[in-house]
Asks: 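Mind looking over this structure? Questions follow.
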Amino acid sequence: MNLGRVRSIALLILIGLFVYFSYVLILANATVHINKNLQQKVETLNQRINQENAGTISYNSLVDQYLTQFLKVYYSPLVILMLEQNS
């Protein structure tokens, strides 16, 4: 191998590393933004739950919404058909 070929290979490796680390940096930045959004959603839901729990003993309308959605999905015809086939 001559010196020019070694330099070109080293340059290609450096460019490859630069592109790779740029990609990793972009992914890390996107992950940080997603985590911040999820953290804000969790804080909002915690505030809503705390507001719903204030002054109540047992009933929580927020939990009722999720439970209602779960029951609608659970008792949908497709799920019932799948349960019957598994029995």
Side-chain angles (χ1 to χ4, degrees):
M1 275 198 196
N2 58 12
L3 189 58
R5 188 171 183 101
V6 172
R7 285 182 184 165
S8 64
I9 291 172
L11 183 63
L12 284 174
I13 290 173
L14 288 175
I15 291 172
L17 286 173
F18 178 76
V19 169
Y20 173 74
F21 286 122
S22 298
Y23 175 71
V24 169
L25 184 65
I26 290 170
L27 285 180
N29 191 24
T31 303
V32 167
H33 285 293
I34 291 170
N35 285 344
K36 283 184 181 179
N37 288 339
L38 289 175
Q39 186 178 12
Q40 289 173 350
K41 287 181 183 179
V42 166
E43 289 173 3
T44 302
L45 287 174
N46 279 335
Q47 288 174 355
R48 286 181 61 189
I49 287 173
N50 288 338
Q51 288 173 354
E52 293 290 333
N53 285 337
T56 62
I57 296 174
S58 61
Y59 178 76
N60 189 326
S61 63
L62 188 62
V63 173
D64 183 47
Q65 290 173 1
Y66 291 114
L67 183 59
T68 303
Q69 290 173 359
F70 169 77
L71 291 175
K72 284 180 184 175
V73 170
Y74 185 77
Y75 287 112
S76 69
L78 180 62
V79 173
I80 292 172
L81 182 63
M82 289 172 53
L83 290 173
E84 289 174 355
Q85 288 178 353
N86 289 336
S87 296

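Please read all numbers here as calculations on a predicted model, not as lab measurements.
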Asks: Do the side chains of Ile13 and Tyr20 join up, straight or via other hydrophobic residues, at under 4.5 Å, putting them in one cluster?
Replies: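 Same hydrophobic cluster.
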Asks: Running the 4.5 Å side-chain criterion over Ile, Leu, Val, Met, Phe, Trp and Tyr, what cluster does Ile34 land in, apart from itself?
Replies: Leu38
Asks: Rounded at 0.5 Å granularity, tell me how far CZ in Arg7 sits from CG in Leu3.
Replies: 4.0 Å
Asks: Find the distance between CG (Leu45) and NZ (Lys41) and round it off to the nearest 0.5 Å.
Replies: 9.0 Å
Asks: What is the distance from atom CD of Gln47 to atom CD of Glu43, rounded to the nearest 0.5 Å?
Replies: 7.0 Å
Asks: Can you spot which of Thr31, Asn35, Asn29 makes a side-chain contact (heavy atoms from CB on, under 4.5 Å) with His33?
Replies: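 Result for side-chain contact (heavy atoms from CB on, under 4.5 Å) with His33: Asn29.
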Asks: Same cluster for Val24 and Leu14 if Ile/Leu/Val/Met/Phe/Trp/Tyr side chains link at under 4.5 Å?
Replies: no
